[in-house]
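Within every chain, numbering begins at 1; the chains are lettered A, B, ... in the order of the sequence lines, protein sequences first and strands thereafter.
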2 protein chains.
Amino acid sequence: MTVDDTANGPSHWVTAADVARRAGVSRSAVSRTFTPGASVSQETREKVMAAAEALGYRVNILARSMIQRQSNLVGIVVSGFASPFLPGILAPLVSELDRRGLAPLLMDARRADNVEESLRDLLSYRVAGAILTSGTPPIELAEEYSRLHVPVVMINRIGDFEGVDTVGSDNRRGGALAAECLLASGARRLAYVNRPTGTHSGRERGAGFCEAMALVGAAGVSFELIEADRPDYEGGVTAARRLLDRPANLRPDGVFCSTDELAFGLMDVARGAFGLTVPGDLAVVGFDDIPMARAGAYAMTTIRQDTTGLAQRAVARLVERMEAPSLPSRADVLPVTLVERRSHLLASAG
Amino acid sequence: MTVDDTANGPSHWVTAADVARRAGVSRSAVSRTFTPGASVSQETREKVMAAAEALGYRVNILARSMIQRQSNLVGIVVSGFASPFLPGILAPLVSELDRRGLAPLLMDARRADNVEESLRDLLSYRVAGAILTSGTPPIELAEEYSRLHVPVVMINRIGDFEGVDTVGSDNRRGGALAAECLLASGARRLAYVNRPTGTHSGRERGAGFCEAMALVGAAGVSFELIEADRPDYEGGVTAARRLLDRPANLRPDGVFCSTDELAFGLMDVARGAFGLTVPGDLAVVGFDDIPMARAGAYAMTTIRQDTTGLAQRAVARLVERMEAPSLPSRADVLPVTLVERRSHLLASAG
DNA sequence: CTGAAAGCGCTTACAG
DNA sequence: CTGAAAGCGCTTACAG
């Protein structure tokens with residue numbers, strides 16, 4: 001690039017001083033006009049607004065943040081973008097932050113170098129807080145944040161960090177609902193397919209499942225737990241092979257998967273490779289209720305998470321802690337609901 | 001909150017002055033140590049690093065940005081999170097920005113109030129640039145950005161804005177590949193199902209499709225174009241009903257959908273409600289190659305976009321323009337590939 | 001290579 | 001309500 005673009009200087013942003021000059025007031029007056037709740041006379045405000053408008057003035061949030069020693073940036077830490085559940089939580093999160101004048105700084109914990117460093121980097125932006133979504137690796141860093149009075153809230157990642165709030169779905173109850181639903185449908189040889197990464201939520205779902213199974217106390221119920229070798233669709237495929245490639249009387253007739261994605265893979269193999277009907281021969285329950293769960297090919301019965309509720313609660317907790325950093329840790333558990341579906345579209349093709 | 005948490009002052013971040021004091025050097029020396037390419041003696045650097053480490057110092061990027069009159073924040077503007085194609089582009093985008101020391105500020109163009117304002121807000125953060133993904137509403141604002149020397153690049157959203165770069169897939173070629181594939185499979189009554197929102201890429205895909213169809217010049221080929229009433233799975237469902245609910249000899253036998261998601265809905269209805277086999281009775285080609293396209297239930301033939309390539313190119317263009325804002329507009333078109341699949345898993349169930 | 005000083009654009013007591 | 005002044009934490013010519 002030999003083009004000398006910066007010859008005429010870098011972009012010249014208009015500053016509060018420019019506006020003050022044009023409006024014939026002090027810089028303080030300009031600042032007050034743009035500070036909610038500051039005292040400016042109607043007259044001054046109007047002069048300032050007119051000048052600002054004419055000049056195309058925008059307050060420099062960075063400068064403001066420096067003065068206030070905190071930005072309105074909030075780190076959203078995700079663990080890759082592969083999970084189809086992510087967009088469902090990201091959307092309300094972004095919207096909720098926006099509503100409160102906060103801006104999301106997106107960070108992938110799975111970046112090349114290590115995670116610790118990533119999270120520490122967020123600190124350089126003087127983020128007003130951080131929201132860690134499910135799958136994010138364990139962090140002792142939460143402690144560092146806490147010490148610096150930078151609020152942290154974790155979604156679906158219950159842990160016991162001092163001064164860190166958690167917001168999650170009632171995974172146990174979800175597991176229980178799945179068990180009850182399968183048993184009610186007549187299934188007696190149950191299985192739970194968990195994701196490979198030993199997540200808190202995955203374990204809870206399994207625990208709730210077992211517990212409810214025992215409580216119902218139906219006669220002749222057997223149970224097995226397996227862990228998929230991958231957290232995605234393919235994981236469901238291989239899990240299905242392990243579960244179904246055996247004499248018919250030993251095959252499970254009711255499977256609960258810790259995510260819808262796993263359940264898709266499992267259903268496809270059950271139908272395609274083993275010729276089973278779902279839910280006829282094999283009842284399947286997923287978890288999350290992602291958009292594809294309603295697709296005709298699956299019409300999947302699943303446990304729905306209240307993504308909007310999770311996001312709103314998470315942001316609310318974050319904001320509360322921004323105002324009172326030393327609040328004791330809080331753990332919110334949001335209800336989940338069973339969504340029963342039954343394939344219509346594929347009825348004739350099944 | 002009656003808790004007076006801020007009694008002991010807000011979080012006390014350690015500053016360059018603190019580090020300087022401990023290291024026995026000037027603040028300039030500290031600054032230079034953390035400025036890539038600045039001249040500091042090895043000895044000074046070590047003293048500074050030791051002090052910084054001990055104190056847990058992190059340079060305040062906000063302050064740095066203010067000095068440099070530009071942040072390393074880059075706005076990523078999306079239009080909702082509903083499209084299953086989004087995560088595929090978001091992942092490499094975030095990773096690529098990170099690699100270059102830039103941080104993504106996520107913004108949803110579909111927020112409550114108007115879009116113009118959203119984009120203007122980004123300016124308050126003195127973003128180093130903005131990346132607009134597909135679906136983002138038209139913006140004359142691009143011009144405002146351009147005037148302020150804030151680079152803008154649009155992904156899959158070719159438009160003719162001065163000083164704005166565009167990066168997109170070869171949609172025309174994708175449409176052509178789809179047509180060739182369908183014709184080669186023996187289809188003669190073709191249809192193209194576009195998304196309702198009149199996006200550039202959707203039109204291009206259709207144009208390429210028609211063009212190739214004409215060029216191949218197979219005998220007795222008919223064609224119809226319909227627009228789904230929604231951009232998602234449900235849109236595919238209703239489009240399928242419109243296309244298939246007619247005497248068999250008038251039904252299309254080859255359909256190209258402008259997204260995989262539409263194609264899923266179409267396939268499910270074709271199989272489930274009309275008892276057709278895919279690709280036997282009806283050949284279907286999608287676009288994007290999102291993860292679910294490989295699911296056994298669909299095993300969908302589709303046109304793959306090079307999401308990583310798009311992201312890398314977009315960030316590269318952005319960075320180039322950060323260095324030379326007045327570069328003429330550039331439009332990159334990245335190749336797409338046909339991915340042919342055929343249901344195996346469902347073979348026995350079909 | 002190094003330090004003192006000026007300045008980035010803003011907000012906020014402090015007097016009036 | 002209003003303005004002058006100090007200061008947020010940093011970088012960057014400018015002299016040495």
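C:dG16 and C:dT12: their C1' atoms are spaced 16 Å apart (whole Å). Remark: the separation of the P atoms in D:dA6 and D:dT2 is 22 Å, to the nearest Å. With both ends at atom P, the span from C:dA5 to C:dC1 equals 23 Å, rounded to whole Å.
The list of side chain to side chain donor-acceptor pair (under 3.5 Å) pairs with a residue in residues 19-37 of chain B, not counting sequence neighbours, reads B:Asp18-B:Arg21. Sorted by first and then second residue, the ring pair (Phe, Tyr, Trp, His ring centres under 6.0 Å) pairs involving residues 308-328 of chain A (not counting sequence neighbours) form an empty list.
Heavy-atom contacts of chain B under 4.0 Å fall on DNA chain D between two terminal nucleotides, which in 5' to 3' order are D:dG9 to D:dA13.
A:Tyr125 meets the side chain to side chain donor-acceptor pair (under 3.5 Å) test with B:Asn72; sequence neighbours excluded. For B:Ser124, there are no side chain to side chain donor-acceptor pair (under 3.5 Å) partners at least two apart in sequence or on another chain. In this structure A:Asn156 satisfies the side chain to side chain donor-acceptor pair (under 3.5 Å) test together with A:Gln305, sequence neighbours excluded. Taking B:Thr308 as the reference, nothing meets the side chain to side chain donor-acceptor pair (under 3.5 Å) condition, with sequence neighbours excluded.
In this structure, the side chains of A:Ile155 and A:Leu132 stay at 4.5 Å or more apart for every pair of heavy atoms. Using a 4.5 Å cut-off on side-chain heavy atoms (C-beta onward), A:Pro104 and A:Leu106 make no contact.
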Listed pairs under 3.5 Å, donor-acceptor, residues 311-318 of chain B side chains, sequence neighbours left out:
| unit_1 | atom_1 | unit_2 | atom_2 | d |
| --- | --- | --- | --- | --- |
| B:Arg313 | NH1 | B:Asp332 | OD1 | 3.1 |
| B:Arg317 | NE | B:Asp332 | OD2 | 2.6 |
| B:Arg317 | NH1 | B:Glu320 | OE1 | 2.9 |
| B:Arg317 | NH1 | B:Glu320 | OE2 | 3.4 |
| B:Arg317 | NH2 | B:Asp332 | OD1 | 3.0 |
| B:Arg317 | NH2 | B:Asp332 | OD2 | 3.2 |

What side-chain donor-acceptor pairs closer than 3.5 Å can you find for residues 46-58 of chain A, not counting sequence neighbours?
| unit_1 | atom_1 | unit_2 | atom_2 | d |
| --- | --- | --- | --- | --- |
| A:Glu46 | OE2 | A:Gln42 | NE2 | 3.1 |
| A:Arg58 | NH1 | B:Arg120 | O | 2.9 |

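Looking only at distances, a side-chain donor or acceptor of A:Thr133 sits under 3.5 Å from a matching main-chain atom of A:Val77. For A:Ser65 (side chain) and A:Ile61 (main-chain N/O), a donor-acceptor pair under 3.5 Å exists by modelled atom type.
For DNA chain D, the residues of residues 16-32 of chain B within the heavy-atom distance limit of 4.0 Å (strictly under) are B:Ala16, B:Arg27, B:Ser28, B:Ser31, B:Arg32, sorted by number. Sorted by residue number, the members of residues 39-63 of chain A with any non-hydrogen atom under 4.0 Å from DNA chain C read A:Tyr57, A:Arg58, A:Val59, A:Asn60, A:Ala63.
In this structure, A:Thr35 and B:Ala38 both approach DNA chain C, and ranking their closest nucleotides by distance from the 5' end singles out B:Ala38.
Side chains of A:Arg110 and A:Ser79: a donor on one and an acceptor on the other come within 3.5 Å.
Scanning DNA chain D for stems, defined as runs of 3 or more consecutive Watson-Crick or G-U wobble pairs whose donor-acceptor distances all fall under 3.5 Å, gives the following ranges: C:1-3 with D:14-16, C:5-12 with D:5-12, C:14-16 with D:1-3.
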